[in-house]
Amino acid sequence: MSKDQPGPDADAAAARRLAEALDPSAIDALLADAKAAGTPIDGVDGLLNQMTKAVLERALQAEMTHHLGYERDDPAGHGTGNSRNGRSTKTVSTTNGPVTITVPRDRNGEFEPQIVPKRRRRVGQIDELILSCYARGMSTRDIEAHLLEVYGVQASRELISNVTDLVADEIEIWRNRPVDEVYPIVYIDGIRIKVRDKGAVTIKVAHLVVGVDVDGRKHALGCWIAEAEGAKFWHSVLTQLRNRGLRDILIACCDGLTGLPDAITTVFPQTVVQTCVVHVIRNAMRFVSYTDRKKIATSMRTIYTAPSVEAAELALKDLDQQWGHQYPGVIDVWRRAWPEFIPFLDYPPELRRVVYTTNLIESINFQLRKITKTRGHFPSDEAAMKLLYLGLRNISSNRGGESGTGTHGWKTALNTLVVLFPGRLPL
């Protein structure tokens, strides 16, 4: 926002002054006249639209007066070298519908209106409305139909696409913004999307990284789209975070992402890599028939609630003896996840509840899946990133704004982290 543009507080104050300036009797008279003439309150030909036209034209006349330095028909304007020179008409889109207004001109052609800039056909919150609809998963075709049906605004799909493209610079700023030096916990997970690449539609994964800061607030640190993951890819992602100011991660919670544990220990050697327990359970349950699910779930519970690594190994051995011959896949899932699972057993219950699962990031992914599943595929990585970013921005605004959201029981968990990782948390 530039210094010449009023902020939201100034806009609200101006709106209050305008409302207070209208006498109730004058409003009653306007409503009575509209009713007598059969004029609706809203809509393209409604009273609100006519008032919008009057306010915009009055504002344009005031801008022209400020530009020339004298009022209409004021003798002070003689000899100034510039004067009013008629007017032109243009139709602009507003949230009340299309409005045809007259725009004053000056003889020298130097007048640059601010409230309705030259070559601009949209005023008010139309751009924000388009971005809001797009962020909720509506296609450009759906937004086009919605604007015409509800607001009477004719906006082509090309126009809507151009409006959403305006966030490209905002995305780059978000991708490269500084982050905190230390995040006690970082969650990493991804969602699958379809993207057209080199003439063919392929499956790619949008990897989301969420950090919990020392105050327990969660922040989306970034989103990376890749067709194939591996140590090289994850090393690049983590190096980017390090270049943005991240110096230490205490616990990285993730699930079976190829090459990620090795990349974490390379870039952040002191970080403990913790697998998501819920993912392990879910992956194991894929091999279990419905009739045995409750029994095996009860047996697996003794593993992740064990008081120590030794007790967990005994519980896994019992699970193997009881069910291994029937469901060897269950045991295999636990064996493969064991090296990244056992750090969890060293934590007290207060911290286990925090790092037990990546459900936090899965909740965000659930919201992102809702807006991406309506698309058959994206034409490019950039188009996918645009929708994902707008979706993340929309989630953040509904869940605590830029400061993110808190973590239940964080103070107790933070005190536990101070004991387990001495000297690594900023005081």
Side-chain angles (χ1 to χ4, degrees), residues 170-190 206-226 229-276 339-340 342-344 346-348 350-358 360-361 364 389 392 396 400-407 409-427:
E170 189 176 331
I171 291 174
E172 288 305 311
I173 294 173
W174 178 74
R175 277 174 162 173
N176 296 284
R177 75 194 190 283
V179 297
D180 292 352
E181 290 191 357
V182 178
Y183 285 97
I185 304 173
V186 167
Y187 300 95
I188 304 174
D189 203 359
H207 298 284
L208 183 63
V209 179
V210 174
V212 181
D213 64 19
V214 292
D215 295 320
R217 292 284 181 177
K218 309 178 186 77
H219 306 266
L221 305 183
C223 184
W224 290 264
I225 297 175
E229 62 189 38
K232 183 177 180 181
F233 166 75
W234 286 115
H235 189 275
S236 172
V237 169
L238 295 168
T239 300
Q240 288 181 41
L241 290 173
R242 190 172 184 85
N243 292 340
R244 288 164 54 189
L246 180 58
R247 292 292 173 264
D248 194 11
I249 300 171
L250 303 190
I251 301 172
C253 190
C254 56
D255 171 60
L257 299 172
T258 305
L260 179 56
D262 292 338
I264 291 176
T265 54
T266 299
V267 181
F268 301 103
Q270 294 181 292
T271 299
V272 175
V273 180
Q274 170 64 57
T275 192
C276 170
E340 283 77 41
I342 55 176
F344 173 82
D346 291 332
Y347 307 144
E350 300 82 21
L351 188 55
R352 286 191 185 189
R353 282 192 289 268
V354 176
V355 299
Y356 169 74
T357 176
T358 56
L360 151 77
I361 204 168
I364 297 174
Y389 169 74
L392 284 170
S396 297
E402 293 183 358
S403 62
T405 54
T407 301
W410 177 249
K411 294 300 182 183
T412 303
L414 183 63
N415 281 279
T416 303
L417 289 168
V418 170
V419 175
L420 293 177
F421 303 94
R424 294 174 60 184
L425 285 172
L427 300 178

**Student:** Are any of the side-chain heavy atoms of Arg424 and Val182 separated by less than 4.5 Å?
**Tutor:**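 Result no, sub-4.5 Å side-chain heavy-atom pair not found.
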
**Student:** On a heavy-atom basis, which atom in Leu351 and which in Ala413 lie closest, and how many Å separate them?
**Tutor:**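 Taking every non-hydrogen atom into account, CD1-CB, 4.1 Å.
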
**Student:** Hey, what do you get for CD1 (Ile251) to OH (Tyr187), rounding to the nearest 0.5 Å?
**Tutor:**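 It comes to 8.5 Å.
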
**Student:** Is it the case that more than 12 heavy atoms not belonging to Glu181 sit under 6.0 Å from its CD atom?
**Tutor:**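 Not more than 12 within 6.0 Å, no.
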
**Student:** Do Asp346 and Val272 have side-chain heavy atoms sitting under 4.5 Å apart?
**Tutor:**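 No, their side chains stay 4.5 Å or more apart.
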
**Student:** What are the two closest heavy atoms between Leu250 and Pro184, and how far apart are they?
**Tutor:**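 Heavy atoms only, the tightest pair is CB-O, 3.1 Å.
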
**Student:** Under the criterion side chain to side chain contact (heavy atoms under 4.5 Å, CB included), I'd like the reasoning laid out for Val186 against Thr271: C-alpha separation, chi angles, the key distance, then a yes or no.
**Tutor:** CA-CA 10 Å; Val186 167; Thr271 299; over 6 Å; no

**Student:** In a table with atom names and distances, give each donor-acceptor pair under 3.5 Å that connects a side chain of residues 230-238 to protein atoms at least two apart or in another chain.
**Tutor:**
residue : atom : partner : partner atom : Å
Trp234  : NE1  : Thr258  : O            : 3.4
His235  : ND1  : Thr239  : OG1          : 3.4

**Student:** Side chains of Arg242 and Phe268: closer than 4.5 Å at any heavy-atom pair?
**Tutor:**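 Arg242 vs Phe268: side chains touch.
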
**Student:** Compare every heavy atom of Pro343 with every heavy atom of Val273, then report the nearest pair and how far apart it is.
**Tutor:**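 For Val273 versus Pro343, the nearest heavy atoms are O-CG, 4.0 Å.
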
**Student:** With no hydrogens and no angle check, is any side-chain donor or acceptor of Thr275 less than 3.5 Å from a backbone partner on Glu340?
**Tutor:**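 No; judged by distance alone, with no hydrogens or angles, the pair does not exist.
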
**Student:** Considering all heavy atoms of both residues, which atom of Trp224 and which atom of Leu241 are nearest to each other, and what is their separation?
**Tutor:**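 Smallest heavy-atom distance, with atoms named: CH2-CD2, 4.0 Å.
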
**Student:** Could you measure the distance from the CZ atom of Arg177 to the CG atom of Leu221? Nearest 0.5 Å is fine.
**Tutor:**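 Between atom CZ of Arg177 and atom CG of Leu221 there are 6.5 Å.
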
**Student:** Looking at every non-hydrogen atom in both residues, tell me the closest pair between Thr266 and Asp262 and how far apart they are.
**Tutor:**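 Closest pair (atom of Thr266, atom of Asp262, distance): OG1-O, 2.8 Å.
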
**Student:** Between Ile264 and Ile249, is a side chain to side chain contact (heavy atoms under 4.5 Å, CB included) present by the stated rule, with each step listed?
**Tutor:** CA-CA 9 Å; Ile264 291 176; Ile249 300 171; 5.8 Å; no

**Student:** I want to check something: taking the side chain as every heavy atom from C-beta on, are Tyr183 and Asp213 in contact at a cut-off of under 4.5 Å?
**Tutor:**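 Yes, side chains in contact.
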
**Student:** Give a yes or no on whether the backbone of Val214 and the side-chain of Trp410 come within a donor-acceptor separation of less than 3.5 Å.
**Tutor:**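 Present.
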
**Student:** Can you confirm whether Phe344 sits close enough to Cys253 that some side-chain heavy atom of one is under 4.5 Å from a side-chain heavy atom of the other?
**Tutor:**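 Phe344 does not reach Cys253 side chain to side chain.
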
**Student:** Using side-chain heavy atoms (C-beta onward) and a distance below 4.5 Å, is Phe421 in contact with Asp248?
**Tutor:**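 Heavy-atom side-chain distance check fails, nothing below 4.5 Å.
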
**Student:** For the OG1 atom of Thr265 and the CG atom of Leu260, what is their distance to the nearest 0.5 Å?
**Tutor:**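 Rounded to the nearest 0.5 Å, the OG1-CG separation comes to 9.5 Å.
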
**Student:** With a 3.5 Å distance limit and no angle check, can you tell me whether Asp215 reaches the backbone of Arg217 through a side-chain donor-acceptor pair?
**Tutor:**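 Pair absent, no side-chain N/O of Asp215 close to backbone of Arg217.
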
**Student:** Which heavy-atom pair separates Tyr347 from Gln274 by the least distance, and what is that distance?
**Tutor:**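 Closest approach of Tyr347 to Gln274: CE1-OE1, 3.9 Å.
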
